[in-house]
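One structure is given below, encoded as structure tokens.
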Amino acid sequence: MLDGEDGPGTQVAMEIIVALARIYDAEDLIPVSSCQVSGVSYENIGEAGVDFLESLRRGGCKTRVLATLNPCGLDIEDWAALGFSRTFHDNQARVLDAYTGLGLDPTCSCIPYELNNCPAPGEHVAWSESSAVSYVNSVIGAMTNREGGPSALASALTGFTGNYGLHLQANRVPTMHVRVNVPVRTHMDFGALGLTIGKFAGQGVPYLSGLDPAACTPARLRQMGAAMGASGAVALYHVEGVTPGHARHVKIAESQVTVHDIDDLSIESLPDGASHGGKLYPVDLVFLGCPHYTRDQVESILDEIKGRDVRAKLWLAVPRPVKRDLLASGAMNAIDPRVMLVADTCLVVCPVDSLDVHNVVTDSGKAYFYLKNKASVQVAYMDTARCLDAARSGYLPEWHDGEAGA
Ligand code: F3S
């Protein structure tokens, strides 16, 4: 491949793999069984990204293993109703054409392991998108580095990655012990914990003790890992009594010199100008589904709002098959039309600055972290039940400081 015998596209892909392997002192390359490729939204990759993908396609290469795509910049079917422009749609379509031409599966979701791409424990994969990386490493027990979009794509086109980093068992042991001394119960609590740990953990491997295993549902672990990967670069964590192989790591964790105690989960979670009590703060959009919600998660939301008026737009971001199944089942029939199932995308990777959306509420620590930095958006981070209150009233409900963990 490196010599160009499989064509120029594959040669470029292998050059990327070999360059990274050399940078990280990998002794060899190893085969991967699947890839998850980020860098799909035209908003993020622009013309330079499209040119790169089209040059690979002209180079005649194809995926050699299952490779799924991360969310793109819009809902491929309902983009106009959601407020995306024709120009953006046409540009996004060129990106998706280029990827599918290379053989990638346009799943456009960050929870591919709930769809058609779920590796077995111990399998080597090459995934990008921090929340998917965190989940596949920590909860499923497969092995990947935190790839970037181009390197995950290069692995998809060659079938290989460098054998370094989290592909080596020696690098998967805890590097710090995080003692959680406060109750962590709600969806928001788990996100707040992830944001807190990410800030000090960097690229480390935290071992968490003190969490109630019964509270550690897959959805909450997704939320925590996504937040950790947003405020830090954590690609793997262990939770006592919960994650695969945790018992193997407990002694190492207890002998760690680096110990962090979590005694407080309160985070700055209101936008500038939102009042504490007093003046009502209007909400344009409530965004739930980061990482993408599963069907069960959506159904529990629909149960709460069925037959009730909703005054702010409510987006539920989901994988395309979840949207298709819910619509076919009639689950949206008695639901206010302001509630929309949004497939293929999310508020973070879409061109949010071009939408008429300014005051946002979310139950996702990761979405909160990234939306805070968008010029046109003010964002509040609240637990799911309070997000639904905001959707129903069109205003932020009364807020109390330090709510997370309360
Ligand atoms: Fe997924 Fe978008 Fe959140 S890609 S993890 S829904 S930022």
Side-chain angles (χ1 to χ4, degrees), residues 35-45 68-76 82 84 92 95-96 99 106-115 117 127-139 144 146-149 152 187-188 190-191 194-195 198 218-235 285-294 297-298 301 314-323 340-353 355 357 360-374 377 379 381 384 387:
C35 300
Q36 163 77 359
V37 176
S38 62
V40 186
S41 172
Y42 181 79
E43 173 75 357
N44 297 337
I45 69 169
T68 44
L69 287 181
N70 213 47
C72 70
L74 45 62
D75 183 306
I76 295 163
L82 290 162
F84 296 101
Q92 183 62 67
V95 176
L96 292 173
Y99 272 124
T107 38
C108 296
S109 176
C110 48
I111 55 167
Y113 43 83
E114 293 285 338
L115 305 169
N117 188 359
W127 283 27
S128 51
E129 203 288 296
S130 58
S131 84
V133 165
S134 163
Y135 195 87
V136 81
N137 267 328
S138 311
V139 182
T144 182
R146 181 169 156 149
E147 300 289 350
H187 199 69
M188 183 179 180
F190 276 82
L195 288 175
R220 289 174 182 156
L221 293 175
R222 266 200 291 283
Q223 148 90 321
M224 181 177 76
M228 242 187 252
S231 63
V234 176
L285 174 69
V286 176
F287 171 62
L288 309 181
C290 169
H292 275 179
Y293 267 8
T294 59
Q297 287 176 282
V298 174
I301 299 290
L314 170 56
W315 282 18
L316 300 164
V318 292
R320 167 77 38 199
V322 171
K323 177 169 179 173
M340 298 197 72
L341 298 176
V342 179
D344 317 314
T345 188
C346 74
L347 204 61
V348 174
V349 299
C350 80
V352 65
D353 291 339
L355 300 174
V357 157
V360 175
V361 175
T362 185
D363 69 344
S364 162
K366 176 174 179 176
Y368 168 70
F369 183 86
Y370 285 114
L371 291 172
K372 258 191 326 181
N373 298 320
K374 301 266 185 185
V377 169
V379 59
Y381 176 39
T384 316
C387 288

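Whatever order the structure lists them in is the order used to number ligands and atoms, beginning at 1. What you are looking at is a predicted structure, and each value in this text was computed from that prediction instead of being measured.
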Tell me if a side-chain donor or acceptor on [X] pairs with a main-chain N or O of [Y] at a distance below 3.5 Å.
X: S364; Y: C290; answer: yes
X: E43; Y: G73; answer: no
X: K366; Y: G225; answer: no

Query raised in the report: G289 near ligand 1, heavy-atom distance under 4.0 Å?
Result: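 Yes.
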
Report task. Between A226 and ligand 1, find which residue part has any heavy-atom pair under 4.0 Å and reply side chain, backbone, both or neither. Result ->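 No part of A226 is near ligand 1 at this cut-off.
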
Requested in this report: Output yes if H292 passes the N/O/S-under-2.8 Å test against atom 2 (Fe) of ligand 1; output no otherwise.
Outcome: no

Hey, which atoms in ligand 1 end up nearer than 4.0 Å to a heavy atom of [X]?
X: P71; result: 4 (S)
X: C290; result: 3 (Fe), 5 (S), 6 (S), 7 (S)
X: V348; result: 7 (S)

**Report entry** Pair E129, S131: side-chain N/O donor-acceptor within cut-off below 3.5 Å
**Finding:**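 Per modelled atom types, E129 and S131 side chains form a pair under 3.5 Å.
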
Requested in this report: Please check if any side-chain donor atom of T384 sits under 3.5 Å from a side-chain acceptor atom of D363, or the reverse.
Outcome: yes

Query raised in the report: Within the stated cut-off of 2.8 Å, is an N/O/S atom of C110 closer than that to atom 1 (Fe) of ligand 1?
Result: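 Looking at C110, which is the residue asked about, there is an N, O or S atom under 2.8 Å from atom 1 (Fe) of ligand 1.
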
Requested in this report: Only heavy atoms count here, so choose which of S134, S131, G365, A317 is nearest to atom 5 (S) of ligand 1.
Outcome: S131

Requested in this report: Evaluate the ring planes of Y293 and H187, with Trp represented by its six-membered ring, and classify them as parallel (under 30°), tilted (30 to 60°) or perpendicular (over 60°).
Outcome: perpendicular

